[in-house]
Amino acid sequence: MKKFLSFLVFILFILTCDVYASGSFSVSTPNNQIGRNSTFNITLSGSSVGRVDIKVENGTCSVSSLWYEEKTQSITCRAGNKGTVKVTVTPQRGFSDSDGNIYSPGVKVLNLEIKETETTTAKTNTTTKKATTTSTTKKMEVNTVKTSSNIKTTTKMTTTKNGNEVTESTSSLKDESKKSILTYNNKEIHLSKNELDSSLETNDMLITDIKIDNTSYPAFKIKDNYLVKSDDDNYYVYDNKESKFINEVKLINIGNRYFFVDNSIDNTTAITVGNKTVMGEKLADRYYKIKTLNSEGEFVFYIYETTEGSMQLYEESLFTCNNEKEKTIDNFNWYITGLGFIFFIIGLLIFVYVKLWRK
């Protein structure tokens with residue numbers, strides 16, 4: 001009887017405890033000094049699995065959180081104007097090693113110093129000449145000349161004589177036109193001029209060219225809009241009639257199917273799909289609603305399931321039905337767990353009773 005009770009206590013103890021083990025997780029950057037408003041990369045590495053939150057002080061980062069899985073992963077950040085940029089990477093609850101054992105690697109912090117740039121000041125020399133001539137005054141003005149480099153230069157020369165002293169001075173004024181900068185939601189966009197992937201082309205989404213600010217870029221034409229790619233592998237929906245960008249989307253691949261995910265959905269949570277991080281609304285455990293752009297230029301909703309990595313069209317009634325079934329299964333699992341705990345308490349009381357009775 002004593003062996004049976006001891007064996008029961010041991011089995012229940014194993015079932016109700018988490019295993020904690022050690023693993024490896026580190027955060028690094030190539031340089032400890034960075035330039036003003038410059039971009040830099042931080043690298044996550046180690047044999048760990050789990051979600052990490054990323055916070056940047058005196059700067060910005062491309063993501064606020066991501067799912068990390070046993071591989072080196074690089075994240076792009078941007079520094080502020082001056083001072084020190086502080087990057088804090090915080091592993092969340094459930095972080096585990098490569099064997100699935102839970103452990104806490106602790107918060108990782110990087111402090112990067114912003115380098116001050118040197119400035120040079122050009123000085124204008126003044127030349128004074130002396131001559132013995134009669135007292136006269138001459139003025140000569142040269143009109144504005146537009147050079148081939150599209151820089152306007154204005155030159156004005158004044159010559160005066162006062163007794164035997166002559167002073168000549170020359171000054172130049174330059175006016176450079178500002179370079180056009182493409183932006184979306186106050187973020188600077190650098191569009192790519194590389195050829196687009198022809199495997200993405202469909203009958204409703206054809207590869208063509210679009211001219212934006214007198215520069216031609218390759219694009220997918222979808223109805224009245226165009227889909228152009230940036231250097232950071234994002235895509236932007238461009239309204240040619242309004243001459244502005246109206247959406248930002250990310251391309252993901254699930255089950256040999258491609259989806260353009262719109263990150264503007266409300267109440268969103270960061271989801272890692274392959275090597276991309278997108279935003280989705282969490283509906284239930286493992287299920288997220290994702291807004292996508294189809295090849296007909298319409299935005300539709302899909303359900304993404306994280307365990308199997310599957311996507312299917314979102315139908316509220318169908319999802320509610322499936323979710324209720326899962327809740328029933330979860331309630332049954334809790335019932336079994338509670339029943340096991342009750343048997344554990346009863347066995348423990350019997351064990352204590354036998355020990356005291358024998359004494």
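Note that these values count all heavy atoms, side chains included, but never hydrogens, waters or copies made by symmetry.
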S.K.: Where the side chain of T76 meets the backbone of S62, is there a donor-acceptor pair that is under 3.5 Å apart?
M.R.: no
S.K.: Give, for atom CD1 of I181 and atom CG of D213, the distance between the pair rounded to the nearest 0.5 Å.
M.R.: 11.0 Å
S.K.: If a pair satisfies ring-ring contact (aromatic ring centres under 6.0 Å, His included) and one of its residues is in residues 25-56, list it, with sequence neighbours excluded.
M.R.: F25-Y68, F25-F95
S.K.: Roughly how far, to the nearest 0.5 Å, is the CG atom of D285 from the OH atom of Y287?
M.R.: 9.0 Å
S.K.: Taking T202 for its side chain and M205 for its backbone only, find out whether a donor-acceptor pair lies under 3.5 Å.
M.R.: yes
S.K.: Do V107 and L110 share a hydrophobic cluster, counting only Ile, Leu, Val, Met, Phe, Trp and Tyr and linking them when any side-chain heavy atoms are less than 4.5 Å apart?
M.R.: no
S.K.: I'd like to check the salt bridge (charged side-chain N to carboxylate O under 4.0 Å, His left out) partners of R78; sequence neighbours left out, ordered by chain and number.
M.R.: none
S.K.: Please report the interatomic distance OH(Y258) to CG(N253), rounded to the nearest 0.5 Å.
M.R.: 4.5 Å
S.K.: Can any side-chain N or O of N58 pair as donor or acceptor with the backbone N or O of T84 at less than 3.5 Å?
M.R.: yes
S.K.: Does K55 come within less than 4.0 Å of D53, counting only side-chain N to carboxylate O?
M.R.: no
S.K.: Is there a donor-acceptor pair under 3.5 Å between the side chain of K241 and the backbone N or O of S243?
M.R.: no
S.K.: Can any side-chain N or O of T292 pair as donor or acceptor with the backbone N or O of V300 at less than 3.5 Å?
M.R.: yes
S.K.: Under 4.5 Å between side-chain heavy atoms, counting indirect links through other Ile/Leu/Val/Met/Phe/Trp/Tyr residues: same cluster for Y236 and V249 or not?
M.R.: no
S.K.: Quick one: pull up CD1 in I212 and CD1 in I189 and give me the separation to the nearest 0.5 Å.
M.R.: 8.5 Å
S.K.: Carefully, step by step, assess I345 and L349 under the rule side chain to side chain contact (heavy atoms under 4.5 Å, CB included).
M.R.: CA-CA 6 Å; I345 296 298; L349 292 175; 4.2 Å; yes
S.K.: Looking only at heavy atoms, which two atoms of Y314 and I303 are closest? And how far apart?
M.R.: CD1-CD1, 3.2 Å
S.K.: Identify which one of N263, N234, N185 satisfies the side-chain hydrogen bond (donor to acceptor under 3.5 Å, both in side chains) criterion when paired with E248.
M.R.: N234
S.K.: Might you work through the side chain to side chain contact (heavy atoms under 4.5 Å, CB included) test for C61 and V56, ending with a clear yes or no?
M.R.: CA-CA 7 Å; C61 188; V56 179; 3.6 Å; yes
S.K.: Do we see a donor-acceptor contact under 3.5 Å between the side chains of R286 and T306?
M.R.: no
S.K.: Can you confirm whether more than 12 heavy atoms, excluding those of K187, are under 6.0 Å from its NZ atom?
M.R.: yes
S.K.: Can you give me the closest heavy-atom contact between I222 and E296, atom names plus distance?
M.R.: CG2-C, 3.6 Å
S.K.: Should E188 and L182 count as side-chain neighbours, where that means a heavy-atom distance under 4.5 Å?
M.R.: no
S.K.: K229: which residues meet the salt bridge (charged side-chain N to carboxylate O under 4.0 Å, His left out) condition with it, sequence neighbours left out?
M.R.: D233
S.K.: When you group the ILVMFWY residues by side-chain heavy-atom contacts below 4.5 Å and let the links chain together, are I34 and I54 in the same group?
M.R.: yes
S.K.: Show me the donor-acceptor pairs, under 3.5 Å and distance only, between side chains in residues 42-50 and residues at least two apart or in other chains.
M.R.:
{"from": "S45", "atom 1": "OG", "to": "S26", "atom 2": "OG", "distance (Å)": "2.8"}
{"from": "S47", "atom 1": "OG", "to": "S24", "atom 2": "OG", "distance (Å)": "2.9"}
{"from": "S48", "atom 1": "OG", "to": "S24", "atom 2": "O", "distance (Å)": "2.5"}
{"from": "S48", "atom 1": "OG", "to": "Y103", "atom 2": "OH", "distance (Å)": "2.5"}

S.K.: Taking it one step at a time, do I346 and F341 satisfy side chain to side chain contact (heavy atoms under 4.5 Å, CB included)?
M.R.: CA-CA 9 Å; I346 294 174; F341 183 73; over 6 Å; no
S.K.: Can you give the donor-acceptor pairs under 3.5 Å from side chains of residues 269-282 to other protein atoms, not counting sequence neighbours?
M.R.:
{"from": "T272", "atom 1": "OG1", "to": "W67", "atom 2": "N", "distance (Å)": "2.8"}
{"from": "K276", "atom 1": "NZ", "to": "L251", "atom 2": "O", "distance (Å)": "2.8"}

S.K.: Distance only, no hydrogens: is a donor on one side chain within 3.5 Å (strictly under) of an acceptor on the other, for S199 and D197?
M.R.: yes
S.K.: Working to the nearest 0.5 angstrom, can you tell me the gap between S38 OG and Q33 CD?
M.R.: 11.0 Å
S.K.: Please report the closest heavy-atom contact between S198 and I207, naming both atoms and the distance.
M.R.: CA-CD1, 3.9 Å
S.K.: Is it true that, when you exclude E308 itself, more than 12 heavy atoms of the residues, nucleotides or ligands shown sit nearer than 6.0 Å to its CD?
M.R.: no
S.K.: In terms of heavy-atom contacts, does CD of E298 have more than 12 from other residues, nucleotides or ligands at under 6.0 Å?
M.R.: yes
S.K.: Rounded to the nearest 0.5 Å, what's the gap from CG on N41 to SG on C77? Could you check?
M.R.: 7.5 Å
S.K.: Evaluate the side-chain proximity of V109 to V87: yes if any heavy-atom separation is below 4.5 Å, no if none is.
M.R.: no
S.K.: Just checking, any donor-acceptor pair under 3.5 angstrom between side chains of N37 and N81?
M.R.: yes
S.K.: Can you check ring-ring contact (aromatic ring centres under 6.0 Å, His included) on F245 and Y238, steps first, answer last?
M.R.: CA-CA 4 Å; F245 298 97; Y238 184 75; 5.0 Å; yes
S.K.: For the side-chain contact (heavy atoms from CB on, under 4.5 Å) test, which of L293, I252, N294, I290 pairs with F259?
M.R.: I252
S.K.: Taking Y302 as the starting point, is it possible to reach I254 by hopping between hydrophobic residues whose side chains are less than 4.5 Å apart?
M.R.: yes
S.K.: Would you kindly confirm whether L191 and I210 end up in one hydrophobic cluster when ILVMFWY residues are joined by side chain heavy atoms under 4.5 Å apart?
M.R.: yes
S.K.: Would you name the heavy atoms of V85 and A79 that are closest together and state the gap between them?
M.R.: CG2-CB, 3.9 Å
S.K.: Listing request: all ring-ring contact (aromatic ring centres under 6.0 Å, His included) pairs with a residue in residues 190-230, at least two apart in sequence or in separate chains.
M.R.: none
S.K.: Could you check whether any side-chain heavy atom of L66 comes within less than 4.5 Å of a side-chain heavy atom of I75, counting everything from C-beta outward?
M.R.: yes
